[in-house]
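Structure record follows, encoded as structure tokens.
Residue indices begin at 1 and follow the sequence shown.
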Amino acid sequence: MRPSSLSVIGLGAIGGSLAWQARLAGVSRVIGFSPSRADAVQALRSSAVTELADSAVKAARGAELVVLAVPARATLDLIGRLRPSLEPGAILTDVCSVKGPVLARAVAEGMGDRFVGGHPLAGTHGSGFGAARPDRLKGCVVYVCETGAPGGDQARRRIMGFWEQVLEAQPVLIDPTAHDHQLAWTSHLPQAVASALAKTLADQGLAGVSFGTGARDTTRLAASSPEMWVDILRFNRAEMAGALAAAGDALAELRRLLEVDDADGLLAYLAAAQRFREGLDR
């Protein structure tokens, strides 16, 4: 799918990058809307969009494809609000990190055959259009979830084609429940742990100069948008309960090993963590 007109609602790191890349790929009309006027103006000045709308509803009008690149709570709200404004045959998609509640809302709003869930694995702790890049999505894996509604397979094929042919990404079809379970462990838990570590350090009132690269690296995700992450954690809270419990057990085990001064146990614990982390780069 190479749309003649594309609407991107939300011009932050992902939405701005998507719009920018689509323009460079030859999509002639890209309408943008952002609740942040600064992001909208910056996107227009960078030629990431060809025009700006002053509301999400107006941005959706006349577009062949509409992409919701806003936090989960806003995405749920917009699915219903935009339905009357969509052109006949237009497709609606999103880029949220949580898929189950989003797809359920699309079906409830009678959009099952016109909505396809998307989640590009190209996030950053940066926010706003300043974190957008004209190649951020190139080559990234994009999870695609279909609603299962009759006729929805055509919309799914078009969205996967858009990601692959226009944005040069790698779309992968996945069940929404499997997606939310997997991302709870691989994305949402790391974010939660980084935020917990940053808050723990902040509560100690230590001087910033004493934090080296280790502290800065492990707390990088804590700099992500709180508004975005409060939605993700809330809407995936059932899966997060188990992930956070497991992380708590791992910390408790580390504390126990230190309390009994178990050098061999500590070595095994740390070595297992090292092997896992090194394996991620192979």
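Between Val67 and Asp94 there is no side-chain heavy-atom pair separated by less than 4.5 Å. Between Pro120 and Trp163 there is a side-chain heavy-atom pair separated by less than 4.5 Å. Using a 4.5 Å heavy-atom cutoff, the side chains of His188 and Leu233 are in contact. Side-chain contact between Arg61 and Val57: present, with at least one pair of heavy atoms (C-beta onward) separated by less than 4.5 Å. Two residues are said to be in side-chain contact when any heavy atoms from C-beta on lie closer than 4.5 Å; Leu103 and Glu146 fail this criterion. A heavy-atom distance below 4.5 Å is not found between the side chains of Phe33 and Val8. Taking the side chain as every heavy atom from C-beta outward, Leu189 and Leu244 approach each other to under 4.5 Å. Contact of the Leu197 side chain with the Ser195 side chain is not registered, since no non-hydrogen atoms from C-beta on lie closer than 4.5 Å.
Residue pairs satisfying the ring pair (Phe, Tyr, Trp, His ring centres under 6.0 Å) criterion with at least one member in residues 118-157, sequence neighbours excluded, are listed as follows: Trp20-Phe129, His119-His179, Tyr143-His179.
Between the CG atom of Leu68 and the OG1 atom of Thr75 there is a distance of 5.5 Å, given to the nearest 0.5 Å. Taken from CG in Leu52 to CD1 in Ile31, the straight-line distance is 10.5 Å, to the nearest 0.5 Å. Annotation: the span from Leu78 atom CG to Ser85 atom OG amounts to 10.5 Å, rounded to 0.5 Å. Annotation: the span from Leu82 atom CG to Lys58 atom NZ amounts to 13.5 Å, rounded to 0.5 Å. Of the inter-residue distances, the one linking Trp185 atom CH2 with Glu239 atom CD reads 9.0 Å to the nearest 0.5 angstrom. Atom NZ of Lys138 sits about 10.0 Å away from atom CG of Leu24, to the nearest 0.5 Å.
What you find for Ala131 and Thr124 is that their closest heavy atoms are CB-CG2, 4.3 Å. Closest heavy-atom contact between Ala60 and Ser7: N-OG, 3.8 Å. Of all the heavy atoms in Ala13 and Gly126, the pair that sits closest is CB-O, 4.0 Å. Contact detail for Gly12 and Ala132: the closest heavy-atom pair is O-CB, 3.8 Å. For the pair Pro171 and Met160, the tightest heavy-atom approach, listed with the atom from each and the gap, is CG-O, 3.5 Å. Nearest heavy-atom pair, Arg23 versus Ala48, reported as atom, atom and distance to 0.1 Å: CG-O, 3.1 Å.
Cluster annotation: Val49 is connected to Ile14 through the hydrophobic network of ILVMFWY side chains, with a link wherever side-chain heavy atoms come within less than 4.5 Å. When the side chains of ILVMFWY residues are joined at heavy-atom separations under 4.5 Å, either directly or via intervening members, Leu270 and Phe276 end up in two distinct hydrophobic clusters. Side-chain heavy atoms closer than 4.5 Å link hydrophobic residues (I, L, V, M, F, W, Y) into clusters, and following such links, possibly through other members, connects Phe235 to Ile79. Note on Leu121: it does not cluster hydrophobically with Leu137, by side-chain heavy-atom contacts below 4.5 Å among ILVMFWY residues. Cluster annotation: Leu76 is connected to Ile9 through the hydrophobic network of ILVMFWY side chains, with a link wherever side-chain heavy atoms come within less than 4.5 Å.
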Evaluate the side chain to side chain contact (heavy atoms under 4.5 Å, CB included) criterion for residues Val144 and Val172: first the C-alpha distance (whole Å), next the side-chain angles of each, then the deciding distance (0.1 Å), finally the verdict. CA-CA 6 Å; Val144 176; Val172 175; over 6 Å; no
Just do the side chain to side chain contact (heavy atoms under 4.5 Å, CB included) check on Val66 and Thr93 with the steps written out, would you? CA-CA 6 Å; Val66 179; Thr93 188; over 6 Å; no
Kindly indicate, with the supporting measurements, whether the criterion side chain to side chain contact (heavy atoms under 4.5 Å, CB included) is fulfilled by Cys145 and Ile174. CA-CA 6 Å; Cys145 301; Ile174 186 172; 3.7 Å; yes
Evaluate Leu65 against Ile159 for side chain to side chain contact (heavy atoms under 4.5 Å, CB included), listing each step before the verdict. CA-CA 9 Å; Leu65 172 62; Ile159 288 298; 3.5 Å; yes
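Taking the side-chain hydrogen bond (donor to acceptor under 3.5 Å, both in side chains) definition, one finds that Arg29 meets it with Glu51, sequence neighbours left out.
For the side-chain contact (heavy atoms from CB on, under 4.5 Å) with Ile232, the qualifying choice from Ser97, Pro71, Cys96, Ser224 is Ser97, the only one to do so. Of the candidates Leu86, Thr147, Leu92, Leu86 is the only one forming a side-chain contact (heavy atoms from CB on, under 4.5 Å) with Arg114.
Glu253 and Arg256 are joined by a salt bridge, as a carboxylate oxygen and a charged side-chain nitrogen come within less than 4.0 angstrom of each other. Taking 4.0 Å as the cut-off between side-chain N and carboxylate O, Arg73 and Asp231 count as a salt-bridged pair. Between Asp77 and Arg105 no salt bridge is recorded (no basic side-chain N to carboxylate O distance below 4.0 Å).
Not one N or O on the side chain of Glu164 forms a donor-acceptor pair closer than 3.5 Å with the backbone of Gln170. Side chain of Arg216 to backbone of Phe211: a donor-acceptor contact under 3.5 angstrom is found. Under a 3.5 Å cut-off, the side chain of Ser46 and the backbone N or O of Ala43 do not form any donor-acceptor pair. Looking at Thr219, its side chain never comes within 3.5 Å of a backbone N or O of Ala194 through a donor-acceptor pair. Formation of a donor-acceptor pair under 3.5 Å by the Arg237 side chain with backbone atoms of Arg234 is found in this model. In this structure, the side chain of Asp113 does not engage the main chain of Gly151 through any donor-acceptor pair within 3.5 Å. Not a single donor-acceptor pair under 3.5 Å links the side chain of Asp180 to the backbone N or O of Val98. In this structure, the side chain of Arg133 engages the main chain of Gly130 through a donor-acceptor pair within 3.5 Å. Between the side chain of Thr50 and the backbone N or O of Val30 there is at least one donor-acceptor pair closer than 3.5 Å.
By the 6.0 Å contact criterion, CZ on Arg2 is enclosed, its count of non-hydrogen atoms from other residues, nucleotides or ligands being greater than 12. Sparse packing is recorded around CD of Gln154, with 12 or fewer heavy atoms of other residues, nucleotides or ligands lying under 6.0 Å away. Counting heavy atoms of neighbouring residues, nucleotides and ligands inside a 6.0 Å radius, atom CG of Asp203 exceeds 12 of them.
If you check the side chains of Glu64 and Ser5, you find no donor sitting under 3.5 Å from an acceptor. Donor-acceptor pairing under 3.5 Å is lacking for the side chains of Ser187 and Gln191.
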